[in-house]
Amino acid sequence: MVWFKNKKKFTSITKIDKKKTMPEGVWRTCDSCGEYITNKEITRNQYICPKCGFYYVLPVEERVLSLLDENSFEEFDATLASKNPLDFDGYEKKLVQAQEKTGRNEACVSGRGRIHGLPVIVSVLDFAFMGG
């Protein structure tokens with residue numbers, strides 16, 4: 001922690017104060033070690049903190065790109081949407097919020113593609129959609 005003398009009292013700059021002055025979307029502090037790293041570093045390192053090895057949630061698009069041959073993915077059932085057959089209280093509101101947040105109707109993204117030229121069917125859960 002860095003201390004600065006401000007007239008007759010000392011004040012400190014915490015990680016939270018530093019975070020406020022950083023450009024949005026360029027830097028972040030690691031959720032585990034608290035070190036400052038760029039989002040590009042995390043992406044280049046396959047969503048693993050290069051300082052401590054902490055694993056971040058891999059976005060659906062990145063997961064699909066990492067698994068399948070380039071340009072081979074064809075999503076199907078993208079229009080399927082979750083319902084509330086067990087009638088949980090407040091579920092519809094949470095569902096709408098998740099759909100707005102992710103731009104998806106459902107947590108599961110399914111499709112066909114190829115791995116080393118072999119045809120496969122894949123399903124990937126989007127953790128950002130209500131925890132998958």
I need the I115 CD1 to D69 CG distance, nearest 0.5 Å. 7.5 Å
Any idea which heavy atoms bring G111 and F73 closest together, and the distance? CA-CE1, 3.6 Å
More than 12 heavy atoms of other residues, nucleotides or ligands under 6.0 Å from CZ of F76: yes or no? yes
Check Y55 against I48 and note the closest heavy-atom contact, atom names and distance. CE2-CD1, 3.5 Å
For the pair F54 and Y56, name the ring-plane relationship: parallel under 30°, tilted 30 to 60°, perpendicular over 60°. perpendicular
How many angstroms lie between CG in L67 and CZ in R114, if you round to the nearest 0.5 Å? 15.5 Å
Any idea which heavy atoms bring Q99 and A81 closest together, and the distance? NE2-CB, 4.3 Å
Heavy-atom closest contact (N105 atom, F129 atom, distance): O-CZ, 3.5 Å
Just by modelled atom types, is the P59 backbone N or O under 3.5 Å from a matching donor or acceptor in the E62 side chain? no
Those residues that, when tested against T43, pass side chain to side chain donor-acceptor pair (under 3.5 Å) (two or more places apart): none
Is it true that L58 and V60 fall in one hydrophobic cluster, defined by side-chain heavy atoms closer than 4.5 Å? no
Nearest 0.5 Å please: distance from the CD atom of E92 over to the CD atom of Q97. 12.0 Å
Going hydrophobic residue to hydrophobic residue with side-chain gaps under 4.5 angstrom, can you get from I42 over to V26? no
May I ask you to test the C49-S32 pair for a side-chain heavy-atom distance under 4.5 Å? no
Approximate separation, where rounding is to 0.5 Å, of T79 OG1 and R104 CZ: 14.0 Å
For side-chain contact (heavy atoms from CB on, under 4.5 Å), just list the numbers for V96 and E100, CA-CA rounded to whole Å, side-chain angles, deciding distance to a tenth of an Å, and then say yes or no. CA-CA 6 Å; V96 169; E100 289 172 354; 3.6 Å; yes
Common cluster, I37/Y47, ILVMFWY with side-chain heavy-atom separation under 4.5 Å: yes
Distance-minimising heavy-atom pair for M130 and A98: CG-CB, 3.6 Å
Are L95 and N84 close enough, and set up right, to give a side-chain contact (heavy atoms from CB on, under 4.5 Å), and what steps lead you there? CA-CA 9 Å; L95 185 60; N84 187 12; over 6 Å; no
Neighbour count >12 (heavy atoms, 6.0 Å) for atom CD, E61: yes
Within this structure, what is the OG-CG distance for the pair S110 and L80, rounded to the nearest 0.5 Å? 8.5 Å
Nearest 0.5 Å please: distance from the CG atom of L65 over to the CG atom of N71. 9.0 Å
Heavy-atom pair with the smallest gap, counting every atom of E75 and A78: OE2-CB, 3.5 Å
Can C30 and C52 be said to form a side-chain contact (heavy atoms from CB on, under 4.5 Å), step by step? CA-CA 9 Å; C30 175; C52 72; 3.7 Å; yes
In one Ile/Leu/Val/Met/Phe/Trp/Tyr side-chain cluster, 4.5 Å: V124, F127: no
